[in-house]
Amino acid sequence: MPHQAPDVALGDHPPAASAVPAVRLRGLRKNFGSVTAVDGVDLDIRPGEFFAMLGPSGSGKTTVLRMIAGFEQPTDGTVELGGQDVSRLAPFDRDVNTVFQDYALFPHMNVARNVEYGLRVKGVPRAERRRRAADALRSVRLDDYGRRRPSQLSGGQRQRVALARALVNRPKVLLLDEPLGALDLKLRHEMQSELKQLQRDVDITFVFVTHDQDEALTMSDRIAVFNAGRIEQVGTPQEVYERPATAFVAGFVGTSNLLGGRAAEAVIGMAGLFSIRPEKIRIDGDLARPAGPGETVATGAVTDVVYAGAILRFEVALDAGGRLSVVRQNTDGVPGFTDGRVRLTWRHEHNFPVTGSE
Amino acid sequence: MTAAITNTPRPAGSPRRRLSAYLRRTPRLRLGILLSAPLAWLGVAYLGALAALFVTAFWSTDVFTGRVVVSWSLDNFATLARDAVYRTITVRTVGVAVIVTLVDAVIAFPMAFAMAKFTSRRTQRLLVIAVMTPLWASYLVKAYAWRSMLSGNGVLHWLLVPVGLDGPGYGLPATVITLSYLWLPYMILPIYAGLDRLPDSLLDASGDLGARSVRTFLSVVLPLALPAVIAGSIFTFSLSLGDYIAVKIVGGTSQLLGNVVYDNIGAANNLPFAATVATVPVVIMLLYLAAARRTGAVDTL
Ligand SMILES: Nc1ncnc2c1ncn2[C@@H]1O[C@H](COP(=O)(O)OP(=O)(O)OP(=O)(O)O)[C@@H](O)[C@H]1O
Ligand SMILES: [Mg+2]
């Protein structure tokens, strides 16, 4: 996992917290008939930030994005862009551009005309249009593809044309709806770092929708975790991963490892629901050894060992009740514990309370 | 291919199995067998009839006995080309077909657009059925309905008199109105299908890039829907070109090519000349199809 150290700087240019937010959502709500897609979202996205909206399918990410772009009217609440209330403005009057999940390239125009479209609509003179479109295509490394039709491009190339078509307008905010969703894994990793690099270069606020937690963790300055039309937590990747606020976040970002009820009282000594990341737990067969300073100890029995190449995953049923998942680097191969009995230890600060239920 | 065959794990067993395996390997043969019956039908019943028509056009009729004389001459075509009446009628017929097509396109496009983009799936299905319903009613009933609506004391007259206008009466305008009404579904349905295939995200993208509705319509919707419009126009144009009943019912004394054909078969009893006149719409239609082909519309049919 990247960002292991809790307090490293966010990136090359940490966004200023004091500035007027690039995007501000207040009490945003959207009903489709009887379905509540977005259920009261408050959010500030800072200028120049790479902001990820992470959440499971149907949690309302796309709907929020579409309300920022102006394709959907909020049932309730406001959308502000750069301090200006745009809730009632049409998409063409908002200074944002969107990269669509299906790219939405115009099939009857070649790549260059696609990229120039926004400028042409705004009446930018032809020479400048040409130049800016060429620049945009160069920035996504598609210099020589201007005359091709979208149907003659690969998925990754289409994605980059969509990006160039949006960026050429130099919007204040760029909205991206799962732009890498249609790409295969390798291309996806390539595009992730390219996209991140591009965002640093152009210095535009990126709002990025994904349901891939790795993508959100590796790429973004901050993440909002969505669940059922609400935001469960907003924070840096470290905060969201190391200190999930709710049981849902703990489970959705990384592996859920929850202790509650009597097990929590017995092991941690407090009532409530606690989350512990699997890689924070050490596992050994040294049952008799007492806890070191600042350590929590629990004993249990291994119920399953999953061999995943680089890591091993142990499922442990605690003697005090409850189950924990533990991962360990595959340094010494699969260890044999006597009778499957193990001792688990972790530092106090690695178990922390979350709200919600197991 | 050979690799695939040698790698087949189970060697072919029963003859039936071997036959189906063989057909699987030879898709062209399979296609041929599947299409042979429809192709035979098309060849005999359609192309055969067309060929017979074309051949007949070179024959003539004995003036006294009224019998068809099998003798090859271009006289019929010469008459058709020389006689100003036929030229006028051809131009009039094409004119009516063009106007009907334009009227239908103008009426159908907004309807199809609204159906495809601004209604729920459920409403869409209902509207498609509503558009098709008139096709289930008899052509004659619909044509006579228009005759009564257009008549001197019909609904149209009654509606227009209070605003100081008068109904069109019987004649070419009435023919255009009736034909436009009759063929409208053939225009709406292809355009609807074309617009339904058009992803909503393209419209969103256009708006997102700063285009207002009119601009989006002209730059994105229209060019992408054009093949569908042309596909619809092939129906409305060809159906109008061959029609002779509507014009008889609401057209007053006006004549179209279809009437000339009809009169030569019936009253004049000159089958060869009727065949000659009938080749005119066929040729016009072939030219139209050739032009439409270049726009890619034929692929969307
Ligand atoms: N146009 C619509 N009409 C009716 N319901 C809708 C519409 N758009 C979205 N919904 C519903 O709103 C909820 C949220 O949808 P949304 O597309 O925002 O989810 P999402 O988080 O983007 O999911 P995914 O990751 O699958 O894209 C879903 O329950 C969805 O069915
Ligand atoms: Mg979505």
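Because the structure is a prediction, the values reported are computed rather than measured. So that the names make sense, note that chain A is the first sequence line, chain B the second, and so on, each numbered from 1.
- By the neighbour-count criterion of 12 heavy atoms within 6.0 Å, atom CZ of A:Phe32 is densely surrounded, having more than that number from other residues, nucleotides or ligands.
- With contacts defined as side-chain heavy-atom distances shorter than 4.5 Å, the pair A:Pro107/B:Leu224 qualifies.
- The heavy-atom pair separating A:Asp93 from B:Arg212 by the smallest distance is OD1-NH2, 3.3 Å.
- Of all non-hydrogen atoms in A:Tyr117 and B:Val220, the two that sit nearest each other are OH-CG2, 3.7 Å.
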* **A:Phe106/B:Ser219 under side chain to side chain contact (heavy atoms under 4.5 Å, CB included): CA gap, chis, key distance, verdict** => CA-CA 10 Å; A:Phe106 303 123; B:Ser219 303; over 6 Å; no
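- Using a 4.5 Å cut-off between heavy atoms, A:Asn97 contacts chain B through both its backbone and its side chain.
- Here the shortest heavy-atom pairing between B:Ser213 and A:Phe92 reads N-CE2, 4.5 Å.
- Both the backbone and the side chain of A:Arg120 come within contact range of chain B, each with at least one heavy atom under 4.5 Å from a heavy atom of that chain.
- Looking at every heavy atom in both residues, A:Phe71 comes nearest to B:Asp204 through CE2-O, 3.3 Å.
- Heavy atoms of A:Leu105 lying under 4.5 Å from chain B belong exclusively to its backbone.
- The candidate with the highest count of non-hydrogen atom pairs below 4.5 Å against chain B, out of A:Asp102, A:Leu175, A:Thr98, is A:Thr98.
- Counting non-hydrogen atoms of other residues, nucleotides and ligands closer than 6.0 Å to OH of B:Tyr139 gives a total above 12.
- The side-chain heavy atoms of A:Glu116 and B:Leu209, taken from C-beta on, include no pair separated by under 4.5 Å.
- Ranked by heavy-atom pairs shorter than 4.5 Å toward chain B, the options A:Ala69, A:Gly118, A:Ala162, A:Gly70 are led by A:Gly118.
- More than 12 heavy atoms of other shown residues, nucleotides or ligands fall within 6.0 angstrom of atom CZ in B:Phe113.
- Heavy-atom neighbours of A:Lys172 NZ from other residues, nucleotides or ligands within 6.0 Å: at or below the threshold of 12.
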